[in-house]
There are 2 protein chains.
Amino acid sequence: MSTAPRPSRRNEIRAQNETLILQAAEKVFAEAGFGGATMQLIADVAGLPKANLHYYFATKEDLYRRVVQNIFEIWLHAADVMDDAPGPAEGIGAYIEAKMEISRRHPDGSKVWASEVMHGAPVIQDYLETTLRDWTTGRAGLIQRWIDEGKMAQVDPEHLLYMLWATTQHYADFGHQIETLNGGKPLTDTQWKAAKASVKQIILRGIGAI
Amino acid sequence: MSTAPRPSRRNEIRAQNETLILQAAEKVFAEAGFGGATMQLIADVAGLPKANLHYYFATKEDLYRRVVQNIFEIWLHAADVMDDAPGPAEGIGAYIEAKMEISRRHPDGSKVWASEVMHGAPVIQDYLETTLRDWTTGRAGLIQRWIDEGKMAQVDPEHLLYMLWATTQHYADFGHQIETLNGGKPLTDTQWKAAKASVKQIILRGIGAI
DNA sequence: GTCTATAGGGCGATAGAC
DNA sequence: GTCTATCGCCCTATAGAC
């Protein structure tokens, strides 16, 4: 019986520290951008010595890539609610609801993604060309079927998707601006409810789904 | 008669070089973010020695602030078209048209603004609290009057403004993503026309203005 | 697996000749 | 007003003791 950690224990430590570092990194990358973020600050937020970060993630870019992938995965699965819906009112309504909730719960991830795309997607370009393109084609097809079935007005499915992304992510990416215009205070539960209702009302009405 | 430049000539040189530097800076800040941008790269893009930048703009932050102010001014004036309109169909339609055109013509400025706000507006917070807040209150009031006059559906004016900003600026800030989904090619004239039409159709219908 | 110390490189900013 | 050379700082990344 060795006193050294068995592999499973070692893996637990690794998983725990990785999660801790990833959470700190998401926050720091969101607040300072890739170039403005420093490994020292991420280490401080995570409560670890800087050298430990390089033990778990070889380079700053590796760490950054993992943060970007995380939010991407979350968004991809948010669209599952559309697939089983009987029509656009339920499907797109639920998708808006899900995306708004993610903007509320993961604003930092959304900001890191926005920053990455704005700078030309130097790190996740391959995801845009494969996973995101397939995802978009599939969901545009679903919307087109709803149009063909007369369940909503004739709109361009891709531009509708852009509008859904833009409007929902705005509450995360421009959350600071919204907070400032709200008297410097974050939106309350009631205000978030009103925001979701406004977005759903205008878009669902705009596409003739209600 | 001195051979040295007279004050007016000197001012011309200053104005020319400032414009040259500001254009280069907008491009570099948009592509790399504030932290990722370097004075050396901005100088290279402008075709000037790095030291000259510091002659015209004392610090990197001074230069950055001017770039952010530029796009802000452009956006503020884009809303003039709303004020003289007889109703929401014309007013908000024209505002969407103007904002979409700015996204097309000044995508870099839009990205720099987005980045600044995402990082908590460290440099232009005072503008958000004064100029933007007043602007927003005024336009929300105009929209509320249209609602009271029965010219459009009852929607929350502020959330409508957020949707207008989000949707139009998305075509600049996420232009790279849109281009990738468009087969790696920028939107053509025809595609931009379709984008504008889609946005106007869904929003104007969504607020009951058409 | 953890941490201190430091190497090595690039940055913003400036001095000073022209 | 322009430009070269350089200073001083802070960054990422790593070596090596524990």
Side-chain angles (χ1 to χ4, degrees), chain A residues 2-22 24-29 31-68 112 115 119 122-123, chain B residues 2-22 24-29 31-68 112 115 119 122-123:
Chain A
S2 164
T3 55
R6 290 176 299 123
S8 63
R9 176 87 182 99
R10 192 191 308 262
N11 288 343
E12 269 177 40
I13 290 176
R14 173 165 281 274
Q16 273 185 5
N17 281 337
E18 279 190 1
T19 301
L20 190 65
I21 293 168
L22 283 169
E26 182 179 85
K27 183 175 159 65
V28 174
F29 282 132
E31 287 174 359
F34 180 81
T38 66
M39 294 296 269
Q40 183 64 63
L41 184 53
I42 295 172
D44 291 347
V45 171
L48 294 171
K50 187 180 64 160
N52 289 31
L53 267 62
H54 283 102
Y55 176 75
Y56 287 102
F57 300 90
T59 67
K60 183 183 176 183
E61 190 176 314
D62 285 342
L63 177 53
Y64 172 77
R65 181 181 287 109
R66 283 284 300 274
V67 171
V68 174
V112 175
S115 197
H119 299 155
V123 167
Chain B
S2 164
T3 55
R6 289 177 300 124
S8 64
R9 176 88 182 97
R10 192 193 308 262
N11 287 343
E12 269 176 40
I13 291 176
R14 172 164 282 273
Q16 272 184 7
N17 281 336
E18 279 190 0
T19 302
L20 190 66
I21 293 168
L22 282 169
E26 182 179 85
K27 184 174 159 65
V28 174
F29 282 131
E31 287 175 359
F34 180 81
T38 67
M39 294 296 269
Q40 183 64 63
L41 184 54
I42 295 172
D44 291 348
V45 171
L48 293 171
K50 187 177 65 159
N52 289 30
L53 268 62
H54 282 101
Y55 176 74
Y56 287 102
F57 300 91
T59 67
K60 183 183 177 183
E61 189 176 314
D62 285 341
L63 177 53
Y64 171 78
R65 181 181 287 110
R66 284 283 300 275
V67 171
V68 175
V112 176
S115 196
H119 299 155
V123 167

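Both backbone and side-chain heavy atoms feed into the values below; hydrogens, waters and symmetry mates do not. Because the structure is predicted, anything quoted here is derived from the model rather than measured. Residue numbers start from 1 in every chain, and the chains themselves are labelled A, B, ... in the order their sequence lines are given, proteins ahead of strands.
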Name the nucleic acid region contacted by B:Phe57, choosing base, sugar-phosphate or nothing; use a 4.0 angstrom heavy-atom cut-off, strictly under.
-> nothing
Quick one: are [X] and [Y] in side-chain contact, heavy atoms under 4.5 Å?
{"X": "A:Asn52", "Y": "A:Asn17", "value": "no"}
{"X": "B:Ile42", "Y": "B:Leu63", "value": "yes"}
{"X": "B:Leu48", "Y": "B:Ile21", "value": "yes"}

Test ring-ring contact (aromatic ring centres under 6.0 Å, His included) applied to A:Phe34 - qualifying residues, sequence neighbours left out | A:Phe29, A:Tyr64
Pairwise side-chain hydrogen bond (donor to acceptor under 3.5 Å, both in side chains) hits with a residue in residues 34-47 of chain B, at least two apart | B:Gln40-B:Asp44
By salt bridge (charged side-chain N to carboxylate O under 4.0 Å, His left out), which residues pair with A:Lys50, not counting sequence neighbours?
-> none
Boundaries of the DNA chain D segment in contact with chain B, non-hydrogen, under 4.0 Å = D:dG1 to D:dT4
Could you name each residue pair satisfying salt bridge (Lys or Arg N to Asp or Glu O under 4.0 Å) that touches residues 59-68 of chain A, not counting sequence neighbours?
-> A:Glu18-A:Arg66, A:Glu61-A:Arg65, A:Asp62-A:Arg65
Of all heavy-atom pairs linking B:Val45 and B:Lys27, the shortest is CG1-CD, 4.4 Å
List, with names and distances, any nitrogen or oxygen atoms from the protein found under 3.5 Å away from nitrogen or oxygen atoms belonging to nucleotides 11-15 of chain C.
unit_1	atom_1	unit_2	atom_2	d
C:dG12	OP1	B:Ala37	O	3.3
C:dG12	OP1	B:Met39	N	3.3
C:dG12	OP1	B:Lys60	NZ	3.3
C:dG12	OP2	B:Met39	N	3.0
C:dG12	N7	B:Lys50	NZ	3.2
C:dA13	OP2	B:His54	NE2	3.1
C:dA13	OP2	B:Lys60	N	2.9
C:dA13	N6	B:Lys50	NZ	2.7

